[in-house]
*Asks:* 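Below you will find the structure I want to go over with you.
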Amino acid sequence: MTSHIRSAYQPGWVEKLIAILLALIGLPMAGGGAMLIWFGGSAYYLLGGAALLLNAVLAWRGDRRLLPAYALFLAFTIGWAIWESGSNGWALAPRIGLPLALGLLIGGVWAARRFGKRMVGGVTIALLLCGVTLVIANRERTETATAAVELSGGSPAMQPWSRFGGDDFGRKHSGAAQITTANVGGLARAWTFRIGEVNLVGKAGLQATPIQVGNALYICSSFNDIIALDGDTGSEIWRYHARTERKGVLSAGCRGVAFYKVPGASGPCAERIITNSVDARLIAVDRLTGRPCEDFGKGGVVSLLKGMGQKYPGYYYTTSPPTIVRGRIILGGWVTDNQYWEEPSGVIRAFDARTGAFAWAMDIGRPDDHGEPAPGKTYTLSTPNSWGPMSADEELGLVYAPIGNPTPDYYGKQRRPFDEKIGSSIAAIDVETGALRWAFQTVHHDLWDYDVPAQPVLLDLPVEGKLRKALVQSTKRGELFLLDRVTGSPIAPVEERPVPQGGTAPGERLSPTQPFSSLPSLRGVDLSEKAMWGLTPLDQLWCRIKFRQARYEGIFTPPGLKPSVTYPGYLGGTNWGGLTVDPRTMRLVINVSHVANYTRIVPRAEADAAGVKAFAPGVEGTFGYLPQERTPFAAKTGPFLSPLGVPCNQPPYGEIVSIDLRSRDIGWIRPFGTAQDSGPLDIPTRLPLTIGTPNTGGPISTAGGLTFIGATQDSAIRAYETASGRMLWRAPLPAGGQATPMTFVSPKSGRQFVVIAAGGNRWLGSKLGDYVVAFALPRHR
């Protein structure tokens, strides 16, 4: 008679398991919550953890008050989550996802006790179907047009994609218009070529963008083999085996090759393909046969190590393609930074494109001496280097170089006035003499690894009724600078603003202000404890504690002995992929990442005790540390990730953005990339949810009104309508597309192709491969 009012019943093994599960979550949640309160954070986790422990006791005892008690906890959690996050679905997910799942489990057990297992099974199936429906409804949709697919035949006189950035201006834009917003949905894979080697060295994968000359495409492998492909079929025409020395190479990569036609010449090597290698050579081969150009250097090769002061192999080499203008091959170089003070020079050099003879040097430590160093001497060591692609204005006789910060990145007391002048800047250099004409600095006394990584983009921009010779530059810190490319003065105003001070390593100095552009910033919203994320409340709590333990006062929070959060991190913002501009509409499109770094300056004694050493052949570097030898401090930095390996800040982690350079307003912004090929602990979720992923590689645009881009963690290439940002087409790739695509119209078949290298990227965790993939519309019948 009284059994129905008893507060407890004999618990079974299911209730015992629920109790253990609640305790396993509640204990670290309460303990971590107490720690978070100690650091000045939210009280929710302590209260929530205590509530879960109480529910664990009720479950273990089989107490019938478990269901209302848990319902109160769930209501409290949902209310708190909405108060913190509003209606942001990605922000709500880690706060209420696990509590809701536990609530379903507890409610299911209670319902089974009351109504029987069959009814509960039916409800569970219905809930699962609802969940699947929500996943499908939120997946990234591919909108395809139904217009008839017809080929116009193209134009044999179409400007070829014969430079890394499409042209010397680096606009990454093609006048090809055969593929349009109406028919892009009909694009299909036309051919696939395998390079024959997957790059397993360092973090980079196959990143090359092919160039087109005639009906052939020319591309480089990660170790600088040059390959000529038939543009229509993808079949190999010839291959130059570079036989690159790999000893000491930490991060192999080749982003492209260059083309040069010798004026008035005929016969072998009248037209040549030129590349620079990861063992520091400059190589020229005949465009038609792939044979070395015997009149170039020694047997087609010029060493780039003269005067560089390289102590160990692999400290200096080139990854971006050379720039060729007025018969000069102009290049900078990649330096293995953060190893020691007095690493190889960041000198920019020019060589004769016909003979390979040295032409000039722009060595910022010797501003009036453009010759090679005397025997036994070197170019100025540890100067800022230019590792990204350059652009050029042949009419003005200027080449524009993106410049990094001086090595080491995170300690700068030893930097010299000339380092401070040109570090993290855009430099305009006279093509004929190597003289520095102007430099615009994007970061003063850079301690955040905010290199200028991307190719400057040149355009003739209408400003107040007049055409201005303009330059637009993207940066890791997410600022876009719009400059006059003749003088280097800002077209869009730039303001010097105060930035955080103090808290640096002893003896360090800081710039009191930093330049901020009036163009829309792409760095993302400043971080806060509320913006910390995770897949569950527990890893979100971990991220919140780490955030509270660190110093963060917005962008330019300086690194110090106490941990600091750097946002954007060294991925950017934007990276080497840069941006594209349609010169007809002046619409810019660019991809950005939103991932923070967690940084700490390490006293030399601590670094020595940890065995931190600069890299050298036979000497392993210490994971996670940047040695910065010959300075008082090492450094430790890396992406700010949860224990499950996902970024601690909430999604989106990647976006694609359009800006109108005439109005200087954002036209559209979209999350970019799905969780299909990424997930916790590097395990792909296979969920096609548009989370926005970290990305590297860049976009291109076409006269057909389209923007094509790979870049994301999911192995895919996409086409967006440039005017609206609608995604019109998406195709899977056999590996990560961490390269900038290109497009061309075949002189032989008249078909327009879109081509991208799919080699993946270890840093992003995307699938590695050795593929070059081409897409085209079906052949007209």
Side-chain angles (χ1 to χ4, degrees), residues 163 165 167-171 320 322-333 345-353 358-372 379-380 383-406 416-444 446 451-461 463 466-475 480-494 515 517 578:
R163 301 287 189 272
D167 56 21
D168 285 339
F169 278 22
R171 294 174 296 190
S320 293
T323 298
I324 303 179
V325 58
R326 293 192 181 182
R328 300 271 199 264
I329 303 170
I330 302 167
L331 49 82
S345 177
V347 62
I348 294 172
R349 289 174 289 176
F351 298 85
D352 187 281
F358 171 86
W360 52 256
M362 198 283 283
D363 178 0
I364 196 63
R366 305 179 304 142
D368 300 319
D369 183 354
H370 300 290
E372 294 182 292
Y379 296 108
T380 309
T383 49
N385 61 309
S386 179
W387 56 267
M390 302 180 192
S391 53
D393 187 324
E394 186 151 356
E395 179 185 352
L396 294 177
L398 293 176
V399 64
Y400 301 90
I403 307 290
N405 64 337
R416 302 147 298 194
F418 49 80
D419 297 318
E420 301 285 30
K421 175 183 177 181
I422 201 171
S424 300
S425 69
I426 308 108
I429 304 167
D430 189 294
V431 169
E432 301 291 347
T433 66
L436 178 66
R437 293 302 181 205
W438 58 259
F440 178 88
Q441 193 163 61
T442 67
V443 181
H444 309 317
D446 185 352
D451 295 344
V452 181
Q455 185 176 29
V457 175
L458 315 183
L459 59 149
D460 296 328
L461 178 68
V463 179
K466 297 181 180 179
L467 279 181
R468 295 283 299 273
K469 292 183 180 298
L471 177 152
V472 60
Q473 180 67 61
S474 58
T475 63
L480 294 171
F481 293 94
L482 183 62
L483 310 176
D484 185 305
R485 70 175 183 267
V486 180
T487 65
S489 59
I491 294 175
V494 174
S517 172

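Hydrogens, waters and symmetry mates play no part in the numbers below; they use all other heavy atoms, side chains included.
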*Asks:* Between L482 and L461, does the side-chain contact (heavy atoms from CB on, under 4.5 Å) criterion hold? Intermediate values first, please.
*Replies:* CA-CA 10 Å; L482 183 62; L461 178 68; 3.7 Å; yes

*Asks:* Of the non-hydrogen atoms in P456 and I426, which two are nearest, and what is the gap between them?
*Replies:* CG-CG2, 4.2 Å

*Asks:* Salt bridge check: are R326 and E432 linked by an N-O gap of less than 4.0 Å?
*Replies:* yes

*Asks:* What distance do W438 atom CH2 and S425 atom OG have between them, rounded to the nearest 0.5 Å?
*Replies:* 8.5 Å

*Asks:* Does some side-chain heavy atom of R437 sit less than 4.5 Å from a side-chain heavy atom of L398?
*Replies:* yes

*Asks:* Are K469 and E395 side-chain neighbours, meaning at least one heavy-atom pair lies under 4.5 Å?
*Replies:* yes

*Asks:* Mind checking the CG-CZ spacing from D168 to R163? Nearest 0.5 Å is all I need.
*Replies:* 5.0 Å

*Asks:* For a 4.5 angstrom cut-off between non-hydrogen side-chain atoms, does L331 reach I348?
*Replies:* no

*Asks:* Could you walk me through whether T380 and D363 satisfy the side chain to side chain donor-acceptor pair (under 3.5 Å) test, starting with their C-alpha distance in whole Å, then the side-chain angles of each, then the deciding distance to 0.1 Å, before giving a yes or no?
*Replies:* CA-CA 7 Å; T380 309; D363 178 0; 3.0 Å; yes

*Asks:* What is the ring orientation for F351 with F358, classed by angle as parallel under 30°, tilted 30 to 60°, or perpendicular over 60°?
*Replies:* perpendicular

*Asks:* Assess whether a salt bridge exists between R349 and E372, defined as any Lys/Arg side-chain N lying under 4.0 Å from an Asp/Glu carboxylate O.
*Replies:* no

*Asks:* Going by atom types alone, do S424 and N405 pair a side-chain donor with an acceptor below 3.5 Å?
*Replies:* no

*Asks:* Any side-chain heavy atom of F169 within less than 4.5 Å of one from V457?
*Replies:* no

*Asks:* When D460 is tested against each of R468, R485, K466 for salt bridge (charged side-chain N to carboxylate O under 4.0 Å, His left out), which residue passes?
*Replies:* R485

*Asks:* Work out which heavy atom in I422 is nearest to a heavy atom in A427; give both atom names and the distance.
*Replies:* CD1-CB, 4.2 Å

*Asks:* For S386 and P402, work out which heavy atoms get closest and say how close.
*Replies:* OG-O, 2.7 Å

*Asks:* Taking all non-hydrogen atoms of both residues, which atom of S474 and which atom of A454 are closest, and how far apart?
*Replies:* OG-CB, 3.5 Å

*Asks:* State, to 0.1 Å, how close A392 and T323 come at their nearest heavy-atom pair, and which atoms those are.
*Replies:* CB-CG2, 4.1 Å

*Asks:* Kindly indicate whether the side chain of T383, heavy atoms from C-beta on, has any atom under 4.5 Å from the side chain of I364.
*Replies:* yes

*Asks:* Answer yes or no: does atom NZ of K421 have more than 12 heavy-atom neighbours from other residues, nucleotides or ligands under 6.0 Å?
*Replies:* no

*Asks:* Quick one: closest heavy-atom pair of L483 and P490, and the distance?
*Replies:* CD2-CA, 3.8 Å

*Asks:* Could you walk me through whether I403 and V452 pass the side-chain contact (heavy atoms from CB on, under 4.5 Å) check?
*Replies:* CA-CA 5 Å; I403 307 290; V452 181; 5.6 Å; no

*Asks:* Give, for atom CH2 of W360 and atom CG of D369, the distance between the pair rounded to the nearest 0.5 Å.
*Replies:* 13.5 Å

*Asks:* Please walk me through it: do L480 and Q473 pass side-chain contact (heavy atoms from CB on, under 4.5 Å)?
*Replies:* CA-CA 6 Å; L480 294 171; Q473 180 67 61; over 6 Å; no

*Asks:* Can you confirm whether L471 sits close enough to Y400 that some side-chain heavy atom of one is under 4.5 Å from a side-chain heavy atom of the other?
*Replies:* yes

*Asks:* Given side chains that start at C-beta, do those of I330 and M362 come closer than 4.5 Å, heavy atoms only?
*Replies:* no

*Asks:* What is the distance from atom CG of D446 to atom CG of D419, rounded to the nearest 0.5 Å?
*Replies:* 12.0 Å

*Asks:* Show your working on side-chain contact (heavy atoms from CB on, under 4.5 Å) between L459 and V472 and close with a plain yes or no.
*Replies:* CA-CA 8 Å; L459 59 149; V472 60; 3.9 Å; yes

*Asks:* With a 4.5 Å cut-off on side-chain heavy atoms, are S320 and M390 touching?
*Replies:* no

